[in-house]
There are 2 protein chains.
Amino acid sequence: MKDNDGGAVALDRIDLKILERLQANGRMTNQELADAVGLSASPCLSRVRRMERAGVITGYNTQIALSRICRHVDVVAAVTLKAHGPEDFELFENMVIAMRFVTECTKVSGPIDYLVHFVCPDISAYQMLSDELLLMGPKVGNLSSYIVLKTVKPNQGFALDGLLEQPVR
Amino acid sequence: MKDNDGGAVALDRIDLKILERLQANGRMTNQELADAVGLSASPCLSRVRRMERAGVITGYNTQIALSRICRHVDVVAAVTLKAHGPEDFELFENMVIAMRFVTECTKVSGPIDYLVHFVCPDISAYQMLSDELLLMGPKVGNLSSYIVLKTVKPNQGFALDGLLEQPVR
DNA sequence: GGTGAAATAGTTTTTAT
DNA sequence: ATAAAAACTATTTCACC
């Protein structure tokens with residue numbers, strides 16, 4: 001599911017509708033999708049395939065309510081490195097990428113360098129992982145942990161209509 | 001896709017395998033899934049439906065590479081309220097839930113109350129939204145904005161095998 | 001709770017516009 | 001580039017284990 005050309009991708013209104021529908025339900029059949037966007041099945045499918053090949057659609061996921069299956073803790077760590085050379089960033093990033101129970105990591109601007117999201121079996125597992133970052137990893141200057149108490153608004157995709165008001169034909 | 005009973009859900013090894021596969025590819029066919037977990041198509045489908053009804057599977061999403069479609073800014077705001085009564089939390093949460101371009105919001109422990117994730121068309125749109133929270137909303141004591149520069153590790157689901165080592169039959 | 005066959009429904013390729 | 005039709009494949013139900 002990768003065939004990037006590196007450039008921007010032009011989408012028309014129908015492509016946008018397809019993305020909106022698939023964002024809300026990634027498992028709908030091509031038939032349902034075609035009906036929803038006012039196309040017959042085969043052009044609808046070729047549009048989806050085209051967006052997959054262009055790297056616009058990068059994958060399909062299943063949302064799991066982890067709390068229904070097992071106890072776990074959800075923690076966000078705000079990490080600041082001591083040194084800020086390219087090799088310091090690279091070392092930290094490779095460590096985080098390889099780390100189990102890290103579900104997501106972003107590099108941010110400002111006094112914090114990284115936000116690292118962990119989903120671990122328990123606090124002691126988190127304790128070990130954050131220690132690993134602090135002790136064994138590259139020079140981590142500060143690591144503040146924020147335990148997630150509640151998901152107020154779960155991720156339900158982008159407001160594509162609001163984001164794409166200009167470039168859509 | 002909701003038929004919760006409020007209680008915990010018992011899963012066996014096959015259910016777990018199903019979740020792992022669907023987490024990696026939410027659009028695989030039931031046939032492929034059945035083959036992957038060593039079941040025939042019909043029991044595989046009934047397990048999936050059962051987990052959907054039990055609220056273990058809460059939905060199917062499509063990942064979109066927004067940067068291939070349009071310019072945008074991705075910001076995480078760390079918000080601390082001035083007052084911490086139940087009504088202050090509720091007011092803030094309702095505001096955030098209704099807010100366009102907020103893709104995700106979590107309540108956290110510690111000196112910060114909420115992490116609010118925005119994906120906006122540009123910085124001026126973000127400026128307006130954060131002002132809305134600061135000025136019109138409930139008493140926001142502090143709002144620090146962290147612009148996302150890079151996604152180091154994109155969300156690829158949970159390490160289910162590591163999280164579920166105890167309760168699986 | 002699983003299997004395998006049968007009917008229904010969806011996907012995908014080809015062909016024509 | 002779209003649509004319709006044909007061939008193929010998957011989904012879903014059901015009788016049986």
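Everything quoted here is computed from the prediction, not taken from an experiment. Residue numbering restarts at 1 for every chain, and letters A, B, ... go by the order of the sequence lines.
Taking atom CD1 of I18(A) as the reference point, atom P of dA1(D) lies 14 Å away to the nearest angstrom. The distance from atom CD1 of I14(A) to atom P of dT2(D) is 6 Å, rounded to the nearest whole Å.
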### Task
Give the intermediate values and the outcome of salt bridge (Lys or Arg N to Asp or Glu O under 4.0 Å) for residues D12(A) and R47(A).
CA-CA 10 Å; D12(A) 65 14; R47(A) 279 165 180 269; 2.9 Å; yes

### Message
Show, in sequence, the C-alpha distance, side-chain angles and deciding distance for E52(A) and R49(A), and conclude whether the salt bridge (Lys or Arg N to Asp or Glu O under 4.0 Å) test is met.
### Response
CA-CA 5 Å; E52(A) 287 172 353; R49(A) 294 284 180 261; 3.3 Å; yes

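Under 4.0 angstrom from either OP1 or OP2 of dT2(D) there lies at least one side-chain N or O belonging to R47(A).
Looking at H117(A) and N155(B), their side chains never bring a donor and an acceptor atom within 3.5 Å of each other.
Judged by distance alone, the side chain of R27(A) and the main-chain N or O of M28(B) form a donor-acceptor pair under 3.5 Å.
We find that R100(B) and D161(A) are joined by a salt bridge, their nearest charged nitrogen and carboxylate oxygen being less than 4.0 Å apart.
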Name the pairs: protein N/O against N/O of nucleotides 11-14 of chain D, kept only if under 3.5 Å.
residue	atom	partner	partner atom	Å
dT11(D)	OP1	N30(B)	N	2.5
dT11(D)	OP2	N30(B)	N	3.1
dT11(D)	OP2	Q31(B)	N	2.6
dT12(D)	OP2	R49(B)	NH2	3.0

